[in-house]
There are 2 protein chains.
Amino acid sequence: MKDPQTVFVEYLSAKRRKMTAQRQLILDVFLAETGHPAPEELYAKVKKLDKSIGQATVYRTLKLFSESGLAKEVHFGDGLTRYEPKFGHTHHDHLICERCGLNIEVVDERIELLQDELAAHHSFTLTGHRMYLYGICQSCRLV
Amino acid sequence: MKDPQTVFVEYLSAKRRKMTAQRQLILDVFLAETGHPAPEELYAKVKKLDKSIGQATVYRTLKLFSESGLAKEVHFGDGLTRYEPKFGHTHHDHLICERCGLNIEVVDERIELLQDELAAHHSFTLTGHRMYLYGICQSCRLV
DNA sequence: TTCTGTGCAAATGATTTGCAGCCAG
DNA sequence: CTGGCTGCAAATCATTTGCACAGAA
């Protein structure tokens, strides 16, 4: 599998868009992320490395990541659009604690299979899915 | 099971909030909905019946529906908060066509069971979940 | 009477866009 | 060179809030 750097550069050149220092910087910061960062968070981190960067550039670049397949937009329920790194990460769903915000990435192959089956039953060709399980985690329950 | 009218009135009185003509009107319109209306859509319909109503009232009232358990907030991916009527409708998930927006309500008991199991495995007490399956519906595929 | 509710308009917060200059290809 | 990119600020869009008045309990 190609590394994200290559994927992005190839995506850009295929679309006759350009690689720039800003995009490179945002990409580096994004690839170092472990969670599901929102544009503001990334903007804050990127700004520490390059004071002159504008937040519109961060928004625009994240959208490029999404188009190029490096990231996926997710919505956890606060009003923010978060970007989930897709590279290296295999598909997963989310188990979210409603009290403390703890977010565990989960996958259950049996569920995945049933989802395909369910879609097929309605004559849909599945392109993707999102599943969010909400609850209270163990430590919050004990408080 | 109590009818939604009663549920709402009881919720209000329990919280020492008041039933008003505006809330009643918005409730009537909302109960007549079949889909997953966004505030703007409801505002438009309500406005036809009462020109003087303000959109802030619609937003505030929808939030009350959500608190009282009559509705559930859902996010389909456009930037809108939609309200899904909960009364009469049993729980369901969504199968959404990415081309035409067709939205089929689906439920698969086996998936529901596996979700509980998955949560339990991570020591979570589930309070709810949302599952969105995205794909292309049959008619769009044939075009 | 006493709060809560309402319409209106202004405020907010996230995201987008217009524009003049900058820079990668 | 030249069209895509950038920072900035202004513009949008959905949603929220402040306020003075209206109306339910």
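Since this is a predicted model, take the numbers as computed values, not measurements. Here is the naming used below: chain letters follow the sequence lines, and residue numbers restart at 1 for every chain.
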Positive for side-chain hydrogen bond (donor to acceptor under 3.5 Å, both in side chains) with A:Y43, one of A:E41, A:E40, A:K47: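 That would be A:K47.
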
Of B:M19 and B:R82, whose closest DNA chain D nucleotide lies nearer the 5' terminus?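 Between the two, 5'-proximity favours B:R82.
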
Pairwise 5' ranking along DNA chain D for B:A21 and B:P39, keeping only the more 5' one: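 The residue mapped nearer the 5' terminus is B:P39.
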
B:H92 and B:H94 aromatic ring geometry - parallel, tilted or perpendicular at 30°/60° bounds: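 Perpendicular, since the angle between the ring planes exceeds 60°.
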
With clusters defined by side-chain heavy atoms of hydrophobic residues (ILVMFWY) lying less than 4.5 Å apart, directly or transitively, does A:F65 cluster with A:L31?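 Yes.
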
Round to the nearest Å and state the distance from [X] atom [atom1] to [N] atom [atom2].
| X | N | atom1 | atom2 | value |
| --- | --- | --- | --- | --- |
| A:F8 | C:dA24 | CZ | P | 15 Å |
| B:L12 | C:dC3 | CG | P | 19 Å |
| B:I53 | C:dC8 | CD1 | P | 10 Å |
| A:Y83 | C:dA14 | OH | P | 14 Å |
| A:L42 | C:dA14 | CG | P | 14 Å |
| B:Y43 | C:dT6 | OH | C1' | 12 Å |
| A:K63 | C:dT15 | NZ | P | 9 Å |
| A:Q22 | D:dC8 | CD | C1' | 14 Å |

Nucleotide nearest A:L80 when distance is taken to its side chain, options C:dG18, C:dA14, D:dT15: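 So the side chain of A:L80 is nearest to C:dA14.
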
Between D:dT16, C:dT6, D:dT15, which nucleotide gets closest to the side-chain atoms of B:T20?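 Closest nucleotide to the B:T20 side chain: C:dT6.
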
Could you give the distance from [atom1] ([X]) to [atom2] ([Y]), rounded to the nearest 0.5 Å?
| X | Y | atom1 | atom2 | value |
| --- | --- | --- | --- | --- |
| B:H75 | A:F76 | NE2 | CZ | 13.0 Å |
| A:L126 | A:Q115 | CG | CD | 7.5 Å |
| B:I136 | B:R141 | CD1 | CZ | 8.5 Å |

Select from A:R60 and A:E40 the residue whose nearest nucleotide in DNA chain C is closer to the 5' end of that strand.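 Upstream on the strand: A:E40.
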
What nucleic acid atoms does A:S13 come within less than 4.0 Å of, heavy atoms only: base, sugar-phosphate, or nothing?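 Nothing, no nucleic acid heavy atom in range.
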
Does A:Y59 put a side-chain nitrogen or oxygen below 4.0 Å from OP1 or OP2 of C:dT15?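 Indeed, a polar side-chain atom of A:Y59 lies that close.
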
Is any side-chain nitrogen or oxygen of A:T81 closer than 4.0 Å to OP1 or OP2 of C:dA14?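 No, outside the criterion.
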
N/O-N/O pairs, protein side and nucleotides 2-4 of chain D side, under 3.5 Å:
unit_1: D:dG3; atom_1: N2; unit_2: A:K18; atom_2: NZ; d: 2.8
unit_1: D:dG3; atom_1: N3; unit_2: A:K18; atom_2: NZ; d: 3.4
unit_1: D:dG4; atom_1: O4'; unit_2: A:K18; atom_2: NZ; d: 3.4

Output all residues satisfying salt bridge (Lys or Arg N to Asp or Glu O under 4.0 Å) with A:K45, sequence neighbours left out; order by chain, then residue number.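 Salt bridge (Lys or Arg N to Asp or Glu O under 4.0 Å) list for A:K45, sorted by chain: A:E33.
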
